[in-house]
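Taking it in order: structure first as structure tokens, then the write-up.
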Amino acid sequence: METTTWPVLTVLTFLPLIGVVFLLLIRGDEDVVSRNARNVTLWVSGFTFLLSLVLLINFDPTYDGYQFVDRGQWLADDGIGFMMGVDGISMPFIILSAFLTPLAILASWQSVKHRVREYMIAFLALETLMIGTFAALDLVVFYLFFEAVLIPMFIIIGIWGGARRVYSAFKFFLYTLAGSVLMLVAILVMYNIAGTTNIPDLAAYAFDPDIQFWLFLGFFASFAVKMPMWPVHTWLPDAHVEAPTAGSMILAGVLLKMGGYGFLRFSLPMFPDASVTFAPMIFVLSIIAIIYTSLVALAQQDMKKLIAYSSVAHMGFVTVGIFSLNAQGIAGAMFQMISHGLISAALFFAVGVVYDRLHTRDIDAYGGVADAMPRYAVFFMIMMLGSVGLPGTTGFVGEFLVMVGAWQANIMVAIFTATGVILGATYMLWLYRRVVFGRAEKDEVIALEPLNRREIFIFAPITVLVLWYGIFPAGIFEIMDVSITSILEQINVADINVSGDSQIATAALGE
Amino acid sequence: MISAIVFLPLLGAIGAGIAALLKNDALGYTFSLTGVLLSALLGWIAFITMAIPGIDETIFLASWINVGTFQVDWALRFDTLTAVMVIVVTTVSAMVHVYSVGYMSHDKSKPRFMAYLGLFTFAMLMLVTADNLVQLFFGWEGVGVASYLLIGFWYQRPSAHEAAMKAFVVNRVGDFGFALGIFALFHLTGSVQLDVIFQSVPNLVNSQITILGYAMPALEVAGILLFIGAMGKSAQLGLHTWLPDAMEGPTPVSALIHAATMVTAGVFMVCRLSPMLEYAPFTRDVITVVGALTAIFAATIGLTQFDIKRVIAYSTCSQLGYMFFAAGVSAYPAAMFHLTTHAFFKALLFLGAGSVIHAMSDEQDMRNMGGIWRKVPFTYAMMWIGSLALAGIPFFAGYYSKDMILEAAYAAHTPIGNFAWYLGIAAAFLTAFYSWRLIMMTFHGKPRASAEVMSHVHESPLVMTVPLFVLAIGAVLSGWMFYDLFVGYHWYEFWGRSIYIDPANHIMEDAHHVPKWVKLLPLFVSLGGIGLAIIIYGMMPSAATGIATIFRPVHQLFYRKWYFDELYNAIFVRPAVDIGRVLWIRGDKATIDGFGPDGISSSVRRFAGFCSRMQSGYVFHYAFAMLIGVIALLAWYIRSL
């Protein structure tokens with residue numbers, strides 16, 4: 001493991017918290033505080049993004065292992081220590097978090113009017129916790145970050161959310177917490193057995209397959225809720241609908257990826273045998289998720305709810321890809337997560353843009369938006385096409401690779417997954433058609449203000465990335481290539497174990 | 001040069017897109033016309049300097065998706081098959097671009113239209129130059145999106161955006177098959193690159209794919225899946241429903257996308273995959289049957305429609321059926337030949353129809369036309385040329401290509417080939433009939449339009465008539481010009497490696513040696529169709545309604561398009577939304593939330609309520625509870641004694 005001379009990763013993680021301190025120091029009447037709070041937060045998150053780019057530039061994609069490792073003494077010498085580092089799996093997510101946060105801040109520039117300082121504090125804290133989650137290399141540290149993410153998001157939904165915000169915030173919090181409790185139990189068991197919570201050490205430790213079975217289920221409970229997988233997805237639509245726009249952007253853009261990240265970081269390398277055992281169950285759940293939530297999305301009248309359900313379907317692709325347990329599937333799942341992070345954030349922002357103007361998310365309240373907001377129609381169109389996986393956008397690369405991987409794992413899984421491509425086109429096109437196309441008849445729709453500079457500034461970078469990496473995705477694959485290969489090596493060992501067992505079983509049957 | 005052909009239209013489109021934002025019409029025209037005209041010019045140069053001498057070239061552009069063994073590049077493959085498609089696409093596209101300048105002159109978002117056209121042309125060129133299946137898929141979906149945008153160009157009309165969405169979704173059903181076919185071939189051959197696939201195909205004849213416990217021949221499975229994609233894009237029976245509705249788009253779009261180029265992508269794909277399909281005989285039989293059925297089925301609908309564009313749309317559908325059954329009997333050169341000639345005369349017919357619609361103040365219903373041929377003589381002549389070519393009258397383009405297809409089907413000497421031949425002959429009769437029904441209803445008889453509309457009827461401006469004239473040259477000459485090259489005795493020298501026919505199969509040779517009556521029959525049935533149409537619609541207009549009343553059930557079946565739309569709505573569209581609603585309300589809300597979070601929280605609340613009721617604060621309640629406890633303890637103690 002490489003160690004850097006200065007703790008760049010720790011600095012990156014806690015930089016937003018320094019911003020929080022600044023925010024607390026602001027004095028003055030409410031307008032001044034709000035204005036300064038916005039500016040400080042934007043600068044801090046922007047600087048954090050720049051620092052994350054420094055990390056990216058210095059990242060060595062050929063190195064097999066963790067880079068920029070920072071260690072610290074923490075809970076004495078019991079094998080639990082503060083440790084951070086990145087590899088090809090976590091690197092893209094850190095960049096994604098650092099990229100989306102400033103855009104989310106900009107997205108709430110005008111729509112959040114009361115308690116601005118507290119709102120900004122919540123977002124900066126959220127950024128620290130997100131980066132920390134992806135950078136943590138100790139299971140206990142990871143758990144702390146992973147769980148603590150709930151707190152600012154709970155507050156963001158509960159205070160700045162819509163009418164049913166309290167119900168949704170609690171639902172979100174309790175749902176995810178319930179899953180995590182089982183993970184905590186699994187973590188305690190692992191510490192008892194292996195005597196350490198160091199992630200690289202645990203990945204190298206060979207757990208007994210019987211114990212793996214239960215440990216896998218413990219982690220699965222948490223990640224499945226975060227993902228979210230069917231049938232534990234019902235918190236997501238409610239949370240999205242009530243969350244403020246920026247909250248939805250981060251929730252869909254980053255928080256949903258923690259489940260997939262968890263599967264790749266923990267479940268596959270640490271419980272390879274159990275991963276192979278559980279793959280069929282996860283395929284079934286994912287396929288149900290893709291078809292079920294796509295159909296539900298078709299029936300929605302609320303724009304945000306529709307996109308929320310589409311997120312569940314897209315995450316179904318991710319789980320299919322991860323548990324295909326081959327290079328295309330896993331790389332596709334990773335890519336799909338990044339792509340969905342960009343596209344869904346932009347889509348939720350697209351809803352936010354018109355919500356800020358008309359204060360309704362009801363699809364029927366719109367229609368003919370293209371007349372008044374032509375540029376909005378263009379951005380929305382590109383994101384809609386990205387979401388349905390049009391070649392040339394990032395959405396295609398992820399989905400397609402996932403299905404290539406799935407076909408090799410199980411043909412029926414690939415066939416069922418591919419139906420999601422048809423259904424996805426149906427609900428997204430129908431949404432677009434009802435909102436953007438048609439003749440604007442309602443006075444308030446005719447009078448809609450076109451996109452302002454701030455809004456274009458949010459859409460534009462996401463659009464550029466969605467197209468650029470759709471055409472030249474190599475830049476992202478290079479980062480994660482080596483890490484995926486090493487995960488696969490661990491899985492292949494397990495694969496041999498399992499198939500070895502089944503060979504013995506068939507031999508026994510033969511006799 | 002190849003790169004320039006492909007990317008010039010894209011540059012034109014981007015330029016026009018910027019012009020659209022700046023609201024500068026002239027700039028938009030400059031960009032898009034320059035791009036596509038140059039591209040067409042280079043396309044012909046490439047055809048003459050490379051395809052005819054037989055030079056193949058593949059240009060590597062960049063790496064695209066590169067994960068493990070899954071390697072996809074951006075690369076342009078230029079062989080004879082591509083060259084033929086390139087001249088068809090760029091020529092028709094250039095003519096349509098020019099024509100659009102006149103046709104769209106009253107529209108307020110001209111540069112946006114030109115940008116979409118350019119985007120389409122680029123995607124189509126990416127499709128035909130694809131070196132691997134995934135890039136083919138890129139072009140495939142790219143033309144799909146361009147078509148979606150163009151059908152929905154007048155987005156304010158509900159019917160337009162409904163048709164646009166329908167086109168996209170139905171095509172997605174086809175793409176579903178296409179994508180699965182790619183996965184299957186990758187799984188079998190370890191590559192998506194065309195050459196690698198074609199090399200490994202002969203070794204895979206006996207491999208099998210197990211689906212749901214059934215072992216099936218692997219190549220047939222892949223072939224059928226890929227053909228489902230072709231059916232979607234080329235509007236073959238079952239997945240054809242989007243094409244007639246796509247006529248909601250401006251007419252130049254119908255000419256370019258829904259007649260000459262995009263819809264022929266399926267035929268191109270089948271020919272491109274000939275080295276594989278030659279090892280998948282069952283798939284070819286399926287292609288033949290589907291093609292033949294589409295040819296006749298679409299023609300029957302074409303007989304009864306009143307919208308001038310829809311008649312031509314069904315005609316396109318039917319002609320694509322011809323191309324497919326030609327490919328199905330391994331006569332790929334004949335399919336490509338008909339594709340080429342059809343592109344010219346069908347684009348001519350559509351643009352001619354556009355000229356009529358333009359003249360009639362946007363009227364499309366033939367029941368409101370009639371008696372205008374003296375006022376629009378040039379358009380009238382062009383429609384005649386197009387129809388003569390379509391009907392396969394000697395010396396016009398369609399005569400060479402359609403007859404070649406029918407001869408090949410006959411020469412196949414298989415039951416399925418015969419089946420296709422019979423249906424093809426029947427469809428040829430119907431084709432001639434509906435073409436002259438169109439001409440008679442549109443141009444002859446008494447004017448049925450209002451006096452005001454009639455007073456405005458005028459011949460189109462030069463910018464629209466010149467493209468018509470160019471396409472008419474193609475509709476007249478492309479048949480005999482390309483006959484020897486494409487399907488003559490030396491077809492192999494021209495097509496080279498780009499088309500593969502099993503050497504044991506002499507279909508191309510045999511097709512030239514069919515009996516004389518087989519060669520003449522299509523001509524006679526066509527003449528019969530023309531004659532009958534002229535008699536019924538030209539001389540006794542009341543007879544048509546009479547016949548329709550007599551055969552009312554059949555007429556209704558044809559007129560309502562065999563009830564496909566109604567059927568699909570009942571089976572797929574409405575249930576999907578209903579099921580979605582049920583899953584949402586009964587599944588998510590009632591079941592998952594009911595037993596999950598909401599259920600648990602209300603149970604907890606009930607339990608907590610129960611507990612708090614216990615703490616009533618009355619001493620006698622506590623005393624009573626204590627008494628029960630003491631009794632229970634005593635009972636337990638006594639029992640254990």
Side-chain angles (χ1 to χ4, degrees), chain A residues 170-171 174-175 231-235 237 292 294-300 309 326-328 331-332 368 370-371 374-375 381 385 388 390-392 396-397 400-401 403-404 406-408 411-412 414-415 418-419 421-423 425-426 429-430 433 436-440 471-474 477 481 484, chain B residues 21 62-70 74 134-135 137-142 144-145 148-149 152 155-158 160-162 164-165 168-169 172-173 175-176 179-180 182-184 186-187 209-212 576-585 587-589 591-593 596-598 601:
Chain A
F170 273 99
K171 195 172 179 181
L174 293 177
Y175 233 124
V232 286
H233 63 278
T234 56
W235 63 271
Y292 177 111
S294 297
L295 288 170
V296 173
L298 266 180
Q300 298 306 313
Y309 274 108
N326 53 43
Q328 288 84 31
D371 276 344
R375 288 174 201 207
M381 168 71 74
L385 293 173
V388 305
L390 186 85
F396 169 74
V397 180
F400 201 77
L401 277 175
M403 291 186 285
V404 168
W407 181 282
Q408 291 166 60
I411 293 175
M412 285 317 289
I415 294 175
T419 58
V421 175
I422 305 175
L423 291 168
T426 316
L429 260 62
W430 204 30
R433 183 180 145 195
V436 179
F437 286 159
R439 187 181 297 281
I471 298 166
F472 302 108
F477 288 127
D481 215 18
I484 289 174
Chain B
L21 289 178
S63 163
W64 185 13
I65 305 174
N66 195 335
V67 175
T69 50
F70 189 80
W74 293 109
V134 184
Q135 190 183 327
F137 193 73
F138 167 85
W140 197 265
E141 292 250 304
V145 167
Y148 165 78
L149 293 171
Y155 59 83
Q156 294 176 326
R157 284 190 198 165
H161 53 76
E162 184 178 351
M165 180 174 159
F168 196 90
V169 172
R172 268 280 157 129
V173 177
D175 295 351
F176 161 80
L180 290 174
I182 297 176
F183 306 148
F186 173 69
H187 190 54
I209 290 183
T210 309
I211 297 178
L212 290 175
V577 180
D578 291 346
I579 292 170
R581 195 162 292 127
V582 168
L583 288 178
W584 177 36
I585 291 170
D588 266 22
K589 286 190 173 169
T591 314
I592 297 177
D593 277 356
D598 294 351
S601 74

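Per chain, numbering begins at 1; letters A, B, ... match sequence-line order. No hydrogens, no waters, no symmetry mates; every other heavy atom, side chains included, goes into these values.
Separation of atoms CD (B:Glu141) and CG (A:Leu390) is listed at 5.5 Å; rounding is to 0.5 Å. Taken from OH in B:Tyr155 to CZ in A:Arg433, the straight-line distance is 15.5 Å, to the nearest 0.5 Å. Note that CG of A:Leu429 is 12.5 Å distant from CD of B:Glu162, once rounded to the nearest 0.5 Å. Distance check: A:Thr426 OG1 to B:Phe168 CZ gives 9.5 Å after rounding to the nearest 0.5 Å.
In this structure, chain B has a heavy atom under 4.5 Å from the side chain of A:Ile411, while its backbone stays farther away. The part of A:Met412 that comes within reach of chain B is its side chain, from C-beta onward, which places non-hydrogen atoms under 4.5 angstrom from that chain. Neither the backbone nor the side chain of A:Ile484 comes within less than 4.5 Å of any heavy atom in chain B. Both the backbone and the side chain of A:Val388 come within contact range of chain B, judged by heavy atoms closer than 4.5 Å. Both the backbone and the side chain of B:Ala184 have a heavy atom closer than 4.5 Å to some heavy atom of chain A. When heavy atoms are compared at a cutoff of 4.5 Å, A:Trp235 does not approach chain B at all. Of the two parts of B:Trp140, neither the backbone nor the side chain holds a non-hydrogen atom closer than 4.5 Å to a non-hydrogen atom of chain A. Looking at A:Thr419, the atoms closer than 4.5 Å to chain B (heavy atoms on both sides) sit in the backbone and in the side chain alike. For B:Thr210, the part lying under 4.5 angstrom from a heavy atom of chain A is the backbone only. For B:Phe137, the parts lying near chain A are the backbone and the side chain together; criterion is any non-hydrogen pair under 4.5 Å. Using a 4.5 Å cut-off between heavy atoms, A:Tyr292 touches chain B through backbone and side chain atoms alike. Residue contact with chain B, scored on non-hydrogen atoms closer than 4.5 Å, involves the backbone and the side chain of A:Asp371 alike.
Within the 4.5 Å cutoff, the side chain of B:Phe138 has no heavy atoms near those of the A:Ile471 side chain. When side chains are defined from C-beta on, B:Asp175 does not count as touching A:Val421, because their heavy atoms never get closer than 4.5 Å. For the pair A:Trp407/B:Ile209, a side-chain contact is recorded, criterion being any heavy-atom separation below 4.5 Å from C-beta on. Side-chain contact between A:Arg375 and B:Leu21 is present, with heavy atoms from C-beta onward closer than 4.5 Å. At least one side-chain heavy atom of A:Gln328 sits under 4.5 Å from a side-chain heavy atom of B:Thr69.
In this pair, A:Phe396 and B:Trp64 present their aromatic rings parallel. The plane angle is below 30°, not in the 30 to 60° band.
Heavy-atom pairs under 4.5 Å with chain B were tallied for A:Leu423, A:Leu385, A:Ile415, A:Asp481; the largest tally goes to A:Ile415. Per-residue counts of heavy-atom pairs under 4.5 Å with chain B were compared for A:His233, A:Met381, A:Gln300; the largest is that of A:Gln300. Options B:Val173, B:Ile579, B:Asn66 differ in how many heavy-atom pairs under 4.5 Å they form with chain A, and the most are formed by B:Val173. Among B:Arg581, B:Gln135, B:Gln156, B:Arg157, the residue with the largest count of heavy-atom pairs under 4.5 Å with chain A is B:Gln156. The greatest number of non-hydrogen atom pairs below 4.5 Å with chain B, out of A:Ala474, A:Gly332, A:Ala370, A:Pro374, is found for A:Ala370. For the set A:Tyr309, A:Phe170, A:Phe472, the count of heavy-atom pairs under 4.5 angstrom toward chain B peaks at A:Tyr309. When each of A:Tyr175, A:Phe400, A:Phe477 is scored by its heavy-atom pairs under 4.5 Å with chain B, the top score falls to A:Phe400. Note on A:Pro231, A:Ala331, A:Ala440: by heavy-atom pairs under 4.5 Å with chain B, the leading option is A:Pro231.
Nearest heavy atoms, B:Leu180 versus A:Ala414: CD2-O, 3.9 Å. What you find for A:Ala327 and B:Gly68 is that their closest heavy atoms are CB-CA, 4.5 Å. Smallest separation of non-hydrogen atoms from A:Val404 and B:Phe70: CG2-CE1, 3.7 Å. The minimum heavy-atom distance linking A:Pro473 with B:Ile65 is given by the pair CG-CG1, 4.2 Å.
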